[in-house]
Amino acid sequence: MSKSMNKIKPAVPTSTGNNNKIKLPPFLEAKKPKISPEKDFSTLSNYNSFKVNNTIFDWEIDFNKKLVKGYINLNLTRLIDNEKFIKLDTSFLKIDKVSINNHNIVNFEIKDRIEPLGSQLIIPLSNLSEKDNAFDLKIEYETTENCTALQWLHAKDGNPYVFSQLEAIHARSLFPCLDTPSIKSKYQVSIRSKLPVVFSGIEIENTDKSSDEDLKTYKFTQDVPIPSYLIGIASGNLLSAEIGPRSKVYAEPSRIKDCQWEFDDDVEKFIEVAEKLIFPYEWGRYDILINVDSYPYGGMESPNVTFATPTLIAYDKSNIDVIAHELAHSWSGNLVTNCSWNHFWLNEGWTVYLERRIMSLVHKNDSVRHFSALIGWNDLQDSINSMKNPNRFSTLVQDLSDGCDPDEAFSSVPYEKGFNLLFHLETKLGGIQEFDPFIKFYFRKFAYNSLDTYEFLDTLFNFYGGDEEKLNILNNIDWETWLFKPGMPPRPNFDTSMADSVYRLSNEWVEKSQQFKSLEQFKGYFCLDDIKDFNSNQIVLFLETLVQMGNVDNKEHKIIWFENKIALEALLDIYDDIKLVKSRNAEVIFKLFKLQIVGQLNEYYIKLADWLGTVGRMKFVRPGYRLLNSVDRPLALRTFDKYMDTYHPICKSLVKQDLEL
Ligand code: BES
Ligand code: ZN
């Protein structure tokens with residue numbers, strides 16, 4: 001019998017009397033690391049030997065030289081008496097001076113670079129007496145031009161601009177640190193810049209009146225301990241506007257009014273709903289920074305100030321779910337953190353779960369959640385189908401112990417398989433009224449800490465362990481498939497009410513496209529009213545469904561659009577309205593391009609090329625170039641050549657790979 005065919009034996013209550021009375025099924029007990037949380041393999045630091053009590057940054061932003069210089073002061077406690085060294089992560093940093101308790105250390109060593117983890121900085125602790133376990137480590141340093149954490153650019157108004165993106169392992173390229181999500185610290189920060197600064201903390205009233213030169217000092221504090229990857233900094237010509245009692249949005253002057261309109265009011269509703277679902281928001285303010293066009297992600301959950309892409313501005317508030325997602329990270333990820341990138345689903349799967357709960361609570365309608373889960377399911381399918389190495393990268397729990405780059409393992413899997421596992425648990429355990437107490441318990445238990453999947457499971461089994469029926473349910477879950485097997489998980493029963501009308505209309509278009517031969521025939525059958533009740537997400541699903549029905553790689557494909565151009569032209573004519581053809585929502589714009597390109601309507605090739613010069617979010621840029629490349633490679637290459645230096649370095653290098661350059 002193969003190992004995977006072994007029947008998983010049930011967990012049984014034990015009588016050890018400690019907090020965790022219930023053992024996991026033997027298969028999981030056997031997989032557990034000896035000590036939890038499991039070791040992080042994406043750091044070169046000896047983080048287990050130290051506790052970080054506090055961190056101070058003193059930085060100057062030099063726009064001319066495109067670098068950040070200054071110092072970091074780590075206040076540390078040595079946890080192991082005979083630890084002779086502290087080993088830190090660095091990546092492309094220039095280290096100028098190291099001191100411990102104000103004593104200069106000259107014999108520090110910077111090891112050769114190991115890709116992708118960087119260069120270990122080894123500092124001897126020989127001047128600490130054996131019992132002297134608390135100490136200050138100060139490092140003076142500069143970033144260099146190879147820094148992978150920052151993008152320097154010029155904003156549309158000509159002003160310089162810089163922003164950071166540190167998740168997963170780029171913090172080490174902005175400051176030397178124990179760069180693991182297992183280690184958390186408080187921060188106090190002082191930053192000199194000639195332009196306004198936004199930072200992942202609470203701004204302290206500026207008492208510095210001495211700023212006679214063109215540099216001003218900005219001070220922030222982060223009093224909740226956070227891991228290094230959550231630090232975020234941006235500086236540029238930024239304005240801010242109120243969007244709620246504890247929230248404002250920062251943006252470039254040309255965008256600030258649009259941003260205020262887009263996010264006004266909703267944020268506070270989301271926070272209040274999330275507080276009821278989990279527990280009160282612990283961070284004080286919740287602000288949003290709408291970054292410049294080249295920002296490569298949809299959003300990043302830097303504490304107190306979410307960094308987001310300008311493609312969220314849709315002029316109809318339809319992309320606000322991204323904000324619900326980043327806000328939800330205030331509990332999942334930022335308070336309760338994955339201990340390493342192997343367990344990234346604990347950050348993102350939980351966040352998608354909470355995001356969807358928040359949206360359905362705000363809309364007072366759970367079919368909103370099911371609809372979004374269904375779209376997520378399709379994303380998961382697409383993502384696994386297009387993986388070069390699905391056996392390795394489509395398991396929920398990852399194995400990065402070979403030093404593999406977490407950026408390489410990144411996909412929809414931790415998001416959507418993670419969501420589906422939690423949704424499956426919710427359903428099996430008896431619905432939200434049975435599951436919600438666990439949500440509160442889990443986030444309270446692990447707040448300010450980092451954990452692995454086994455600690456999550458222990459908590460789950462012990463929470464429900466007193467109830468024999470529920471314990472039985474948990475024992476009967478196919479944990480091996482959910483956690484460790486590649487591929488799609490078991491498909492849940494989604495409520496498809498919001499999708500059914502979309503599928504009906506898509507089917508009609510496919511059917512009629514095979515019969516009708518003229519625009520008039522289409523106009524006699526279809527009209528703008530067909531889509532009047534659709535929200536933007538339904539429009540997105542409509543367009544994607546049409547694309548899929550014409551996708552010849554898909555076994556169930558029903559039509560070849562480029563042989564039915566009249567049908568697509570009719571569709572563009574009939575739905576020539578802000579909901580679809582004239583939409584300003586990037587999600588809709590992109591899906592429409594997809595249909596136009598798949599249908600080989602060549603007047604749209606150049607339009608897509610131009611659009612790729614206006615967005616930097618990888619979600620659109622990468623598939624955008626792949627699409628263009630599939631119909632007109634010379635145009636794709638010319639376009640990339642023209643815009644590549646406007647993209648974020650990570651985005652640029654991934655598009656390069658996608659285009660096989
Ligand atoms: N934390 C992620 C972004 C991230 C993950 C950056 C890993 C770098 C490495 C953020 O919360 C996120 O998931 N953003 C999504 C939006 C969301 C609605 C799924 C994105 O950027 O698309
Ligand atoms: Zn996220």
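The shown structure was predicted, so the numbers you read here are calculated from the model rather than taken from an experiment.
- Distance CG/Leu230 to CG/Asn334: 4.5 Å, rounded to 0.5 Å.
- Side-chain atoms of Trp561 and Ser513 include no donor-acceptor pair closer than 3.5 Å.
- Applying the ring pair (Phe, Tyr, Trp, His ring centres under 6.0 Å) test between Trp611 and each of Tyr604, Tyr605, Phe620 identifies Phe620 as the sole match.
- Side-chain polar atoms of Thr309 and Arg617 form no donor-acceptor pair below 3.5 angstrom.
- Between the side chains of Glu348 and His329, a donor-acceptor pair is found at a separation under 3.5 Å.
- If you run side-chain contact (heavy atoms from CB on, under 4.5 Å) between Val68 and each of Asp62, Leu93, Leu150, only Leu150 comes through.
- Side-chain contact between Leu400 and Pro406 is present, with heavy atoms from C-beta onward closer than 4.5 Å.
- In plain terms, the two heavy atoms of Ser332 and Leu354 that are nearest each other are OG-CD1, 3.6 Å.
- Put simply, the side chain of Phe562 does not reach to within 4.5 Å of the side chain of Val598, judged on heavy atoms.
- Between Glu587 and Ser536, every side-chain heavy-atom pair lies at or beyond the 4.5 Å cut-off.
- A salt bridge is defined here as a Lys NZ or Arg NE, NH1 or NH2 lying under 4.0 Å from an Asp or Glu carboxylate O, and Glu556 with Lys558 fails to meet this definition.
- In summary, Arg584 and Asp258 do not engage in a salt bridge, as defined by a charged side-chain N under 4.0 Å from a carboxylate O.
- Side chain to side chain, Ser401 and Asp399 meet the donor-acceptor criterion of an N or O pair below 3.5 Å.
- Ring planes of Phe423 and Phe419: parallel class, angle under 30° (limits at 30 and 60°).
- Checked against Asp40 for a side chain to side chain donor-acceptor pair (under 3.5 Å), the options Asn338, Thr180, Asn342 give a single hit: Thr180.
- In this structure, Ser411 and Ser383 have side chains that are in contact, with non-hydrogen atoms separated by less than 4.5 Å.
- No side-chain N or O of Asn537 forms a donor-acceptor pair with one of Asn535 less than 3.5 Å apart.
- Heavy-atom contacts from other residues, nucleotides or ligands closer than 6.0 Å to CG of Asp402 number more than 12.
- Judged by distance alone, the side chains of Thr351 and His325 never bring a donor and an acceptor atom under 3.5 Å apart.
- Summarising the geometry of Tyr161 relative to Ala234, their closest heavy-atom pair is OH-CB, 4.2 Å, with the distance given to 0.1 Å.
- Here the side chains of Glu544 and Asp379 are not in contact, with every heavy-atom distance at 4.5 Å or above.
- Proximity of Glu355 to Tyr415: side-chain heavy atoms (C-beta onward) are nowhere separated by under 4.5 Å.
- For residues 644-653, every residue pair satisfying the side chain to side chain donor-acceptor pair (under 3.5 Å) rule, not counting sequence neighbours, is listed here: Tyr625-Tyr647, Asp645-Lys652.
- At a threshold of 4.5 Å between non-hydrogen side-chain atoms, the residues Val588 and Val540 count as touching.
- Side-chain contact between Leu546 and Leu571 is present, with heavy atoms from C-beta onward closer than 4.5 Å.
- Between Trp59 and Phe57, the ring planes lie parallel to each other; the angle is under 30°, not in the 30° to 60° tilted range.
- Within 6.0 Å of NZ in Lys66 there are 12 or fewer heavy atoms belonging to other residues, nucleotides or ligands.
- Within the 3.5 Å criterion, the main-chain N or O of Asp658 finds no donor-acceptor partner in the side chain of Arg622.
- At most 12 non-hydrogen atoms from other residues, nucleotides or ligands lie less than 6.0 angstrom from CD of Glu145.
- Judged by distance alone, the side chains of Gln151 and Tyr295 never bring a donor and an acceptor atom under 3.5 Å apart.
- In the model, Thr144 has no side-chain atom that pairs as donor or acceptor with a side-chain atom of Asn146 under 3.5 Å.
- With salt bridges taken as basic N to acidic carboxylate O contacts below 4.0 Å, one links Asp293 and Arg255.
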